[in-house]
Amino acid sequence: SPVSPAAVTALGRRRCQRITVGHGERAVPVGGDAPVSVQSMTTTPTADIDATLQQIAELTAAGCQIVRVAVPSQDDADALPAIAAKSAIPVIADIHFQPRYVFAAIDAGCAAVRVNPGNIKKFDDKVAQIAKAAAAAEVPIRIGVNAGSLDQRLLAKHGRATPQALAESALWEASLFEEHGFHDLKISVKHHDVLTMVAAYEILAEACAYPLHLGVTEAGPPPQGVIKSTAAFAILLRQGIGDTIRVSLSAPPVEEVKAGIAILESLGLRQPRLEIVSCPGCGRLQIDLYRLTAQVEAAFEDFPHPLRVAVMGCVVNGPGEAREADLGVSAGNGKGQIFVKGEVVETVPESQIIETLIKHAMSLAESGTGS
Ligand code: SF4
């Protein structure tokens, strides 16, 4: 591929080629120095166009940048043109067994296609045609290897889904496309075990210059799934490895998007929209800290400016401990001491804490001195 692998850019990102998922205003760059993007996958039957578009709209509102839809049947393939046309974010068709759906997805205007080398023996002799169609439509292909459906040849060679087996499967499939001059690829090698997954991506990062889609597969329900994904992504992203992420959860996909965004924010790869700095509570607590924190979170969830809000459970350490917050409250004894940029500005009854915080947040936003 055109970029030499294994180099790290000045920003600490692994040097890789940049691909573009989608066209025009909906295009999302992946790789190179593009910001790490967050994606998810719909859970509705793709053939149910209205339900799928509704879920895509919810994902888009939550901050999802790329969405994937499964295409297991002809009815699903038939729904792709309407979904691709009406989605506000790029739509990737996820195809496991049927090469003909790849052509359908490209014709439908999908932004990219994901194929699984383990499930697509039939694909190998179709690669030339797929590469030609995808190149003509400027549609990138994601080679998505999964531990659970690893190519039988590699399973036999390695005995199980080792990091080497996962990486080798992806690189083999990539080589088939390269033979036809097609490099518009990104790669994923997912495993449910965090350290196996991490090792597989580390091998790939050294061996190729394609953008990498990170994911821990079958990560489970939250919080386990979020924790496993966070652990894996943090190790990799800290090394500059990873260009787009999906947190796989046994939960509504909007939860995947929220978790993905939070991971990028906590690693400093994205400016947080809202950061709640809240104390864990201790024997000095004089209020229902969990309830107050939830109220603050709900009040500022859609605040249009980045904000760091502190919620402290007593007046002893409040403003001091949360000096770096834009504003906050130290609550206790039925009152809330409101502070802005570390200085106490007023004390209000507990019932007025939220409205007072909102008032000060608005003035901070107007004066342009938020986070
Ligand atoms: Fe305890 Fe107060 Fe610190 Fe919260 S802010 S942990 S209640 S001392």
Side-chain angles (χ1 to χ4, degrees), residues 62-63 220-235 237-238 247 249 251 254-255 257-371:
Q224 178 195 287
V226 176
I227 292 166
K228 287 179 81 168
S229 300
T230 306
F233 296 179
I235 296 170
L237 289 168
R238 189 69 183 87
V247 177
L249 294 178
V254 162
E255 297 303 314
V257 174
K258 288 183 183 170
I261 291 172
I263 290 170
L264 295 183
E265 288 177 348
S266 57
L267 291 171
L269 291 169
R270 202 180 260 216
Q271 182 173 31
R273 283 186 299 183
L274 171 65
E275 189 178 351
I276 302 283
V277 181
S278 57
C279 82
C282 70
R284 298 182 191 86
L285 266 184
Q286 294 168 331
I287 50 142
D288 184 343
L289 178 74
Y290 304 154
R291 190 167 64 92
L292 181 61
T293 307
Q295 287 171 340
V296 170
E297 195 170 12
F300 288 103
E301 200 172 29
D302 296 321
F303 197 71
H305 301 277
L307 208 57
R308 194 180 286 142
V309 187
V311 182
M312 310 306 278
C314 73
V315 290
V316 177
N317 295 322
E321 280 188 12
R323 195 166 285 128
E324 292 192 3
D326 294 309
L327 75 160
V329 56
S330 307
N333 278 341
K335 289 181 289 201
Q337 218 177 40
I338 308 291
F339 52 92
V340 176
K341 302 283 180 192
E343 300 294 330
V344 176
V345 289
E346 59 182 306
T347 300
V348 298
E350 195 173 327
S351 61
Q352 290 170 24
I353 289 174
I354 299 294
E355 63 194 73
T356 311
L357 286 173
I358 292 174
K359 177 185 79 180
H360 286 288
M362 304 280 279
S363 354
L364 278 178
E366 275 164 29
S367 62
T369 52
S371 283

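One-based numbering, in listed order, for ligands and for the atoms of each. Keep in mind that the numbers below use all heavy atoms, side chains included, and drop hydrogens, waters and symmetry copies.
For atom 1 (Fe) of ligand 1, the closest non-hydrogen atom on the protein side is Cys282 SG, 2.3 Å. Annotation: atom 8 (S) of ligand 1 to nearest protein heavy atom, Arg284 NH1, 3.3 Å.
A 4.5 Å side-chain heavy-atom check between Thr230 and Val247 finds every atom pair outside the cut-off.
Between the side chain of Asp326 and the backbone N or O of Val309 there is no donor-acceptor pair closer than 3.5 Å. Under a 3.5 Å cut-off, the side chain of Glu265 and the backbone N or O of Arg273 do form a donor-acceptor pair. At least one donor-acceptor pair under 3.5 Å links the side chain of Ser367 to the backbone N or O of Leu364.
Not one N, O or S atom of Cys279 sits under 2.8 Å from atom 1 (Fe) of ligand 1. Residue contacts to atom 4 (Fe) of ligand 1: Cys314 brings no N, O or S atom closer than 2.8 Å.
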